[in-house]
Protein chains: 2
Amino acid sequence: MVREKVTVERLVHAAADLADEVGFDQLTVSALARRLDVRDASLYSHVRNVQDLRMRLAALALTELADRVAEALAGRAGKDALVAFANAYRDYARRHPGRYAAAQIEIDPESPAGSAARRHAELTRAILRGYALTEPAQTDAVRFLHSTLHGYVSLERAGGFRHHPRTADDSWRLSLDALDAVLTTWPPD
Amino acid sequence: MVREKVTVERLVHAAADLADEVGFDQLTVSALARRLDVRDASLYSHVRNVQDLRMRLAALALTELADRVAEALAGRAGKDALVAFANAYRDYARRHPGRYAAAQIEIDPESPAGSAARRHAELTRAILRGYALTEPAQTDAVRFLHSTLHGYVSLERAGGFRHHPRTADDSWRLSLDALDAVLTTWPPD
DNA sequence: CCCTCCTACCTAGGACCTCTAGGCTAACGC
DNA sequence: GCGTTAGCCTAGAGGTCCTAGGTAGGAGGG
């Protein structure tokens, strides 16, 4: 009976699932080793250390997120594209909280995770093609958009919208309307 | 020569300073004990466990943040109040990254930290008095505002705006203009 | 077919962290 | 003086990160 061998790919996917279950900051080498049924020391021949593991997880998450966003954006433009992008983004964050948290860590642009991050950033910029913006207004608008989306899903995840009758879904729809309106008239007076 | 005795207040303030220096998630009981020149076990007569320490730090941070915001808001209204509020918020997050991170953890509404959180939430709502909103539009607007501010300072802190010539300060000013514009015409069509 | 190398795993162990149990001492109220 | 309390201590169990050094089994070359 041969146990399935550990490869870096299997290891990082297992880490991603574990992070989604217990939280990104609860992701430990020991817990991952337990799940893979090996000793913790054995994992250090696949990853250099915990930081390396987290970085690889970040690369995985950024790649997956960019894939979903690209799919959501296909064939759409204008507000339609904005809403599809935002929903894909929020959906990923809700379904995969551990992966989403991993995607937020500081990234070395030179690393593989850096190129996944750049791809994601370019997709975000693609949305703004429907709003006809030139630099530096485009950069400002991307930052505003990214801030609002990231802030919303972070606060929602942290439970900030729970102690109130108004549902998070309803406020989300209004927020997307607001984003469309503000991008349409960008730059603001 | 008697060493200054540890009280819960001194302990939590030292924890806050330590968290600002090394990061909220690097805040450990051991490191705090070293800084206070006592054994780590001694601190467990002041706080129940690490979670308790973090919660007390969150309460401190929320109280401080609410104080600064209240001061910034005094005597201002409309866009003036919005800008003062946002700048106080961002300034606190930049000066006190550890405390700011502490303020984001999930809070039990029944705890002391919960009342500090409520006070902060009420101050945020106070800004919207200048924009004449009624429920549920007011809740949607508060969530939108909070999302954008929190998202911006989080991404800025994580280094997301560093690899680009456009400064984070310039985009920030534009973002505040955009927030004012969107709140002025809330609810968005 | 045998030898060598490499890969994926192992044990052992040091350093650090969390937290409990149990005990000492000094100050304070009666 | 005496008990209580507050604040500190040591000892130690158990978890985590990581290094050092070693073993089994498969791949490839002679």
Side-chain angles (χ1 to χ4, degrees), chain A residues 1-60 97-98 101-102 105-106 108 111 113, chain B residues 1-60 97-99 101-102 105-106 108 111-113:
Chain A
M1 170 55 222
V2 275
R3 180 176 39 179
E4 200 79 26
K5 276 189 183 175
V6 170
T7 64
V8 180
E9 285 69 33
R10 280 193 59 231
L11 189 154
V12 173
H13 271 91
D17 293 343
L18 183 56
D20 283 339
E21 290 166 31
V22 304
F24 180 63
D25 35 79
Q26 306 302 318
L27 173 65
T28 67
V29 174
S30 317
L32 183 56
R34 272 194 296 276
R35 164 160 310 204
L36 295 170
D37 201 26
V38 296
R39 302 286 130 187
D40 55 354
S42 306
L43 298 186
Y44 288 91
S45 39
H46 301 285
V47 295
R48 201 193 314 275
N49 50 36
V50 196
Q51 279 68 36
D52 183 36
L53 176 63
R54 292 191 209 277
M55 190 62 82
R56 286 170 192 271
L57 179 47
L60 171 71
I105 64 174
E106 194 161 358
D108 173 13
S111 69
Chain B
M1 173 59 223
V2 276
R3 179 175 42 179
E4 201 79 24
K5 276 189 184 178
V6 170
T7 64
V8 180
E9 285 70 32
R10 280 193 60 230
L11 188 155
V12 173
H13 270 91
D17 292 343
L18 183 56
D20 283 339
E21 288 165 33
V22 303
F24 180 62
D25 36 79
Q26 307 300 320
L27 173 65
T28 67
V29 174
S30 315
L32 183 56
R34 271 194 298 277
R35 167 159 306 205
L36 294 169
D37 200 27
V38 295
R39 303 287 130 188
D40 55 356
S42 306
L43 298 187
Y44 288 91
S45 40
H46 300 285
V47 295
R48 200 192 314 275
N49 50 35
V50 195
Q51 280 68 36
D52 183 35
L53 176 63
R54 291 191 208 279
M55 190 61 82
R56 286 169 191 272
L57 179 47
L60 172 71
R99 286 164 157 95
I105 64 174
E106 194 161 359
D108 172 14
S111 68

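Keep in mind it's a predicted model, so treat the numbers as computed, not measured. Values reported hereafter were calculated over all heavy atoms of this structure, with side chains retained and with hydrogens, waters and symmetry mates removed.
Side-chain N/O atoms of B:S45 include none lying less than 4.0 angstrom from OP1 or OP2 on D:dG7. OP1 or OP2 of C:dC10 has at least one side-chain nitrogen or oxygen of A:S42 nearer than 4.0 Å.
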**OP:** Mark up nucleotides 17-25 of chain D, 5' to 3', with B wherever a protein heavy atom is under 4.0 angstrom from a base atom, S wherever such an atom reaches only the sugar-phosphate, and - elsewhere.
**Re:** BBB------
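You'll find the side chain of A:L53 stays beyond 4.5 Å of the side chain of A:L43, heavy atoms only.
Checking B:T28, B:V29, B:L36 one by one against B:L32, the side-chain contact (heavy atoms from CB on, under 4.5 Å) holds for a single residue, B:L36.
For the pair A:D25 CG and D:dT16 P, the computed distance is 14 Å after rounding to whole Å. The CZ atom of A:R39 sits 13 Å away from the P atom of D:dT16 (whole-angstrom rounding). A straight line from CG of B:L32 to C1' of C:dC19 spans 15 Å, rounded to a whole angstrom. Following rounding to the nearest Å, B:D52 (CG) and C:dT18 (P) show an atom-to-atom distance of 14 Å.
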Residues 14-25 of chain B side chain polar contacts: donor-acceptor under 3.5 Å, at least two apart:
from	atom 1	to	atom 2	distance (Å)
B:D17	OD1	B:R99	NH1	3.3
B:D17	OD1	B:R99	NH2	3.4
B:D20	OD1	B:G98	N	2.9
B:D20	OD1	B:R99	N	2.9
B:D20	OD2	B:H96	ND1	2.9
B:D20	OD2	B:R99	NH1	2.5
B:E21	OE1	B:R35	NH2	2.7
B:E21	OE2	B:R35	NH1	3.2

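Partners of B:R34 according to the side chain to side chain contact (heavy atoms under 4.5 Å, CB included) rule, which considers only residues two or more places apart in sequence or in another chain, are B:S30, B:A31.
Applying the side-chain hydrogen bond (donor to acceptor under 3.5 Å, both in side chains) test to every pair with at least one member in residues 43-56 of chain B, sequence neighbours left out, gives these pairs: B:D52-B:R56.
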